[in-house]
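Report on the structure given below.
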Amino acid sequence: MMIAMNTESCAPAESAALREIFASRPETVPPIGVEAVRAFEAEHRVVLPEPYRTFVAEICDGLRAGPPYYGLLPLAQTPSDWGSGRPERLLSEPFPLTESWLWEAEEGEAGLSEEEYQQCEDRMSAVFDHGSLLLGTDGCGMYWHLIVTGPERGHVWLIDEHGAIPFGTRPGTSLMPGTSGFAGWVTHWAQGRSWFGEEDG
């Protein structure tokens, strides 16, 4: 079950928190401005969710120090380990998930027909490449995505070879506890907290 959030306007408290976190950090990439954001949105037929939209336009467009471990990527960039020859990333196509999906277990199930296996592969491809921006990587194929299209718009997800998990506390799950959304994700990192809840306190 997804958590409702305001993705249409940037809350002053979120903007202030993001400005405070990044103002004190060296090597921030300067913001790109509203016109560049609008041009990107027109090219990809999306509207970036707030507060990320205001963040890249007015506050910062990347930070080598993170989050995540290997740095917060500038708008529309992919990590150096993303690889070549991958499918085109389609931001305007809806991100297909609303709940965690650990496909490693599903792929290993005995008795999957060739058709069922292909359906699983196609859905996995959509999870990686539809409706999301890449925020960065923690290495070992662990990529953070900001969802820009579909029911999960505005949420941050961790997607790797094992599956896809949303960041933030949700009813019935606490895989990655915290405040959902881009500002909550950044604040969690700035506080030095573990993504999976260990060492918090």
Side-chain angles (χ1 to χ4, degrees), residues 5-44 46-84 86 89 91 128 132-148 153-160 165-169 175-201:
M5 63 173 63
N6 179 9
T7 58
E8 304 309 317
S9 61
C10 185
E14 290 186 327
S15 177
L18 290 168
R19 287 180 192 279
E20 182 179 350
I21 288 167
F22 287 91
S24 63
R25 298 181 186 273
E27 299 183 0
T28 56
V29 178
I32 61 174
V34 174
E35 291 307 314
V37 168
R38 288 176 179 159
F40 174 86
E41 292 174 331
E43 177 185 354
H44 293 279
V46 298
V47 175
L48 298 178
E50 292 288 5
Y52 180 79
R53 189 176 196 266
T54 294
F55 176 76
V56 294
E58 302 178 6
I59 301 172
C60 172
D61 186 33
L63 177 64
R64 190 173 180 180
Y69 185 80
Y70 288 100
L72 181 63
L73 292 169
L75 178 63
Q77 285 195 12
T78 53
S80 58
D81 65 348
W82 187 247
S84 59
R86 295 183 70 143
R89 305 205 72 247
L91 274 62
F128 274 100
S132 70
L133 285 172
L134 283 157
L135 295 174
T137 178
D138 275 324
C140 300
M142 299 171 65
Y143 301 104
W144 290 96
H145 295 242
L146 173 68
I147 310 308
V148 298
R153 184 171 179 267
H155 290 268
V156 175
W157 283 62
L158 178 62
I159 304 172
D160 64 15
I165 304 170
F167 171 79
T169 303
L175 289 172
M176 280 196 286
T179 302
S180 297
F182 179 73
W185 179 73
V186 168
T187 300
H188 196 92
W189 165 79
Q191 293 171 345
R193 300 169 66 191
S194 165
W195 296 124
F196 290 92
E198 304 95 345
E199 303 169 9
D200 287 356

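We number each residue from 1, following the sequence as shown. Here the structure is a predicted model, which means the values were calculated and not measured.
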Report the C-alpha separation of Thr78 and Leu73 in whole Å, then their side-chain angles, then the decisive distance to 0.1 Å, and conclude whether the side-chain contact (heavy atoms from CB on, under 4.5 Å) test is met. CA-CA 7 Å; Thr78 53; Leu73 292 169; 5.5 Å; no

When you measure from the side chain of His188 to the backbone N and O of Ser194, does any donor-acceptor pair fall under 3.5 Å?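 Such a contact is found between His188 side chain and Ser194 backbone.
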
Check for a donor-acceptor pair, side chain of Asp81 on one end and backbone N or O of Gly139 on the other, with a separation under 3.5 Å.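 Not a single qualifying donor-acceptor pair exists.
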
Under the ring-ring contact (aromatic ring centres under 6.0 Å, His included) test against Tyr143, which residue among Trp82, Tyr69, Tyr70 passes?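 The single option meeting the ring-ring contact (aromatic ring centres under 6.0 Å, His included) with Tyr143 is Trp82.
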
Is there any side-chain hydrogen bond (donor to acceptor under 3.5 Å, both in side chains) pair reaching into residues 47-58, and which pairs are they, with sequence neighbours excluded?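 Passing the test, one end in residues 47-58: Arg19-Glu58, Glu41-Arg53, Glu50-Thr54.
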
For Trp144, which residues count as a ring pair (Phe, Tyr, Trp, His ring centres under 6.0 Å) partner, sequence neighbours excluded?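 Expected list: Trp185, Trp195.
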
For Arg86, I'd like to know if atom CZ has over 12 heavy atoms of other residues, nucleotides or ligands within 6.0 Å.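 Count over threshold, so yes.
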
What are the two closest heavy atoms between [X] and [Y], and how far apart are they?
X      : Y      : answer
Thr28  : Cys60  : CB-SG, 3.9 Å
Arg89  : Phe128 : NH2-O, 2.8 Å
Ser15  : Ile59  : O-CD1, 4.0 Å
Pro67  : Val186 : CG-CG2, 4.2 Å
Arg153 : Val47  : NH2-O, 2.8 Å
His145 : Ser132 : ND1-OG, 2.8 Å

Heavy-atom distance under 4.5 Å between the side chains of Val148 and Pro49, does that happen here?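 Yes, at least one pair of side-chain atoms sits under 4.5 Å.
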
Can you confirm whether Pro79 sits close enough to Leu134 that some side-chain heavy atom of one is under 4.5 Å from a side-chain heavy atom of the other?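 In short, these two side chains touch, coming nearer than 4.5 Å.
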
To the nearest 0.5 Å, tell me how far Leu146 CG sits from Thr7 OG1.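 Reported value, rounded in 0.5 Å steps: 10.0 Å.
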
Could you give me the CA-CA distance, side-chain angles and deciding distance for Phe40 and Ile32, then say whether side-chain contact (heavy atoms from CB on, under 4.5 Å) is met? CA-CA 11 Å; Phe40 174 86; Ile32 61 174; 5.9 Å; no

Test log, rule side-chain contact (heavy atoms from CB on, under 4.5 Å), inputs Phe182 and Leu48: CA-CA 11 Å; Phe182 179 73; Leu48 298 178; over 6 Å; no

Derivation and outcome, side-chain contact (heavy atoms from CB on, under 4.5 Å), residues Leu72 and Trp189: CA-CA 11 Å; Leu72 181 63; Trp189 165 79; over 6 Å; no

